[in-house]
Participant: 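Before anything else, here's the structure in question.
The sequence lines fix the lettering, A, B, ..., with proteins before strands; numbering per chain opens at 1.
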Number of protein chains: 2
Amino acid sequence: MATIIDLATKAGVAPITVSRVINNSGYVREDVRKRVQQAIEELDYVPNALARGLRSKRTFTLSLVLTDITNPFFTTMARGVEDAASANGYMLLVCNTDEREDKERMYLRLLLQKRADGILLVPSRKRSGNADLFRNRHTPVVILDRRVEGISADVVRGDSVQGAYQLGVLLAGLGHKRVAMLTGPSGVSSSEDREIGFRKAMKEAGIESTLLVYNGNFVQESGMEMTNKALQASPSPTAIFAANNFIAIGALKALQAKGLRVPEDIAMVAFDDLPESMVTFPFLTVAAQPAYDIGVQGVRLLLERLESEEPTSFREVILPNELIVRKSSGGAVKYQ
Amino acid sequence: MATIIDLATKAGVAPITVSRVINNSGYVREDVRKRVQQAIEELDYVPNALARGLRSKRTFTLSLVLTDITNPFFTTMARGVEDAASANGYMLLVCNTDEREDKERMYLRLLLQKRADGILLVPSRKRSGNADLFRNRHTPVVILDRRVEGISADVVRGDSVQGAYQLGVLLAGLGHKRVAMLTGPSGVSSSEDREIGFRKAMKEAGIESTLLVYNGNFVQESGMEMTNKALQASPSPTAIFAANNFIAIGALKALQAKGLRVPEDIAMVAFDDLPESMVTFPFLTVAAQPAYDIGVQGVRLLLERLESEEPTSFREVILPNELIVRKSSGGAVKYQ
DNA sequence: AGGTATTATGATAACGTTATCATATCAATG
DNA sequence: CATTGATATGATAACGTTATCATAATACCT
């Protein structure tokens, strides 16, 4: 493969002059630039980003570490990250941790090796056991979607407390007295924040004492299990709050299996919307997070930190959710 | 940041010996290995993958160029790619082309610069205008999901002809005589193959003459538009074949807007299934592609090519689809 | 004309690692 | 004991680029 030296020979200049043409930096006379550019064409030259990165200490690569790209929320977020990165000339490395701290650690190590200019991380745990990896290193990190302890970084996330609170207020306003809350994993901030927000709404409505709480995970099976448990309670709940999209879908499946209709027999609200393009008949009342925008803002913060040499203080961007009321929350509860 | 030379100094050996310890290559005495490893720990050493790649000509990075990661089919495929890559010690660069050849070209150029060891490509067009990028270069390419002309590469894809054919046979067997086919973009092999397969089934059933064909794109809006046009035909079709998941969802929405029920008023079959975890009530009769496996097999072929030095002949892996019959295709047609 | 700033180009070294070749030690073999 | 093969370590150069410093040529000013 042709190198900058081949070009230099061909164009009759020094390698550094070729470098100037490629990078559009420094002074180059017009006719020299033409000659070099012609050499580039003729030799079908492709710059070696490894050598560039090694010398210049910039790789123009960002990396995204998330739990699972097949979760539509993260898919959309990832697309936002990729678009924003690409628009600024950066490429994107993507890694799935499956909420496992060991996988997260493995990936973060590799990313440090690759000298990615920055890392966008959806941390697997609130108390990260991997915070040490970033100490004494200058790779900036932006935390997405969740809070985390111990890592000095900018944060971009949706307002889980507020979103869950709104859903709780909605249910209370409809007259529900016995509500079941299906949570995600403890130790994950988004899950805990949703619990906090929803609980607050229940408390304000004076129905916290009858709140049924089930702890699970952000997956469908967990949603089914928690729902089946909730239905065994007596008296059984008249409404369900699911802490994310997968739990919600699991819950709906469990309800259907039992022959229960939503919202006629039991109402339902959930966190996370599904993309419009993926759903035939939008049905769930949800707190929709601005997934795409979380990704875009994350890249913005990261690049700003990369540009400015002086260490600016860390920022926390909390984006509001959108309450979308659809069929699943039903009308006012008539019987009690 | 500590380098291999710092480690060497600390451990009292030559840099190359440190390299041997890190790469677990060559001979190193046990006590020396220990000393080096201790130095690694103490200095919190992270190898520089740029320098490694520059010298060794291997980056342990693969790249995935697809049209849009927010399409669940590609999301699943991407996950398959990432898992397989990761299992073999490779990281993954991901790029979205939005079916645009110019974006595709821009990304492929960048990937060549980054010296990714291999590229997995979902080509935007059947006749690729970017084939020239790979000539005289040794970066191996695997084409996923589609056929493409001009690029010498392994191919992994689902059997679009067969899948569409099966769906056509199904509809014909149910007694439909007037069927509408909503296709994807012309010039994209998966779309064209589906048209071929479906047409074949129509022909064999002797109902090709009444087949209504609408050409569109793999997006929801296109599905809605084509459906609205199809409904204006007289007599109107009794069944619809949608060439992908987004078209299908658009079609369902258009039908719903017109107050038509599926399958009672009109039957429907489609290509691509939606992940079980994302759908509350699976309803569409589909030809489901093994998306995850397409990704895994793609990486397998790519790595095999990387391992073997001799140029082996290119392979085409065509994975079968699964016909999943659900409600939307309805029972036998009673009226005509 | 002399001095200063701007434009233009290059020489050299360095980024951090590993490929290649060379050499030294040691144990085993007949 | 000389020979061989395995074990162990290192010196040197190279991968392809750019940071840094130096120098030359030209334009601009008084």
Participant: For nucleotides 16-20 of chain C, give me every protein contact, N/O to N/O, under 3.5 Å, one pair per line with atom names.
Facilitator:
from: dG16(C); atom 1: OP1; to: K57(A); atom 2: NZ; distance (Å): 3.4
from: dT17(C); atom 1: OP1; to: Y45(B); atom 2: OH; distance (Å): 2.3
from: dT17(C); atom 1: OP1; to: N48(B); atom 2: N; distance (Å): 3.2
from: dT17(C); atom 1: OP2; to: I4(B); atom 2: N; distance (Å): 2.5
from: dT18(C); atom 1: OP1; to: N23(B); atom 2: OD1; distance (Å): 3.4
from: dT18(C); atom 1: OP1; to: N23(B); atom 2: ND2; distance (Å): 2.9
from: dT18(C); atom 1: OP1; to: R52(B); atom 2: NH1; distance (Å): 3.4
from: dT18(C); atom 1: OP2; to: S19(B); atom 2: OG; distance (Å): 2.5
from: dT18(C); atom 1: OP2; to: N23(B); atom 2: ND2; distance (Å): 3.4
from: dT18(C); atom 1: O2; to: R55(B); atom 2: NH1; distance (Å): 3.0
from: dA19(C); atom 1: O4'; to: R55(B); atom 2: NH2; distance (Å): 3.3

Participant: A side-chain contact here means heavy atoms from C-beta on lying under 4.5 Å apart; do N88(A) and F60(A) qualify?
Facilitator: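 No, every pair of side-chain atoms sits at 4.5 Å or beyond.
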Participant: Between dT9(C) and T17(A), is there an OP1 or OP2 to side-chain N/O distance shorter than 4.0 Å?
Facilitator: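 No, outside the criterion.
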Participant: Within the side chain of D6(B), is there an N or O that forms a donor-acceptor pair under 3.5 Å with the backbone of T3(B)?
Facilitator: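 Flag set: sc D6(B) to bb T3(B) pair under 3.5 Å.
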Participant: Give the C-alpha distance, both sets of side-chain angles, the deciding distance and a yes or no for salt bridge (charged side-chain N to carboxylate O under 4.0 Å, His left out) between R100(A) and D98(A).
Facilitator: CA-CA 5 Å; R100(A) 280 174 47 189; D98(A) 291 316; 5.8 Å; no
Participant: Do you see a donor-acceptor pair shorter than 3.5 Å between the side chains of R125(A) and N130(A)?
Facilitator: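 There is no such pair between these side chains.
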Participant: Verify, without hydrogens or angle tests, whether Q113(A) (side chain) and N48(B) (backbone) share a donor-acceptor contact under 3.5 angstrom.
Facilitator: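 Not a single qualifying donor-acceptor pair exists.
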Participant: Is it the case that the side chain of R115(A) and the backbone of L112(A) share a donor-acceptor pair, with hydrogens and angles ignored and the cut-off at 3.5 Å?
Facilitator: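 It does hold such a pair.
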Participant: Do other residues, nucleotides or ligands put more than 12 heavy atoms under 6.0 Å from the CZ atom of R137(A)?
Facilitator: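 Counting neighbours around CZ of R137(A), more than 12 heavy atoms of other residues, nucleotides or ligands fall under 6.0 Å, so yes.
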Participant: Okay, side chain of E149(B), backbone of S128(B): is any donor-acceptor separation there less than 3.5 Å?
Facilitator: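 Checking the backbone N and O of S128(B) against the side chain of E149(B), no donor-acceptor pair under 3.5 Å is found.
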Participant: Is the number of heavy atoms from other residues, nucleotides or ligands within 6.0 Å of CD (E307(A)) greater than 12?
Facilitator: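 Yes, the 6.0 Å shell around CD holds more than 12 heavy atoms from other groups.
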Participant: Let me test you: for the helix from dA1(C)-dT30(D) to dG30(C)-dC1(D), what is the angle between the axes at its two ends (five pairs each), rounded to 10 degrees?
Facilitator: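 Both end axes considered, the difference amounts to 40°.
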Participant: Between protein and nucleic acid, restricted to nucleotides 4-8 of chain D and to nitrogen or oxygen atoms under 3.5 Å apart, what atom pairs and distances do you find?
Facilitator:
from: dT7(D); atom 1: OP2; to: Y27(B); atom 2: OH; distance (Å): 2.5

Participant: Okay, side chain of T70(B), backbone of T76(A): is any donor-acceptor separation there less than 3.5 Å?
Facilitator: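 Here the side-chain-to-backbone pair does not exist.
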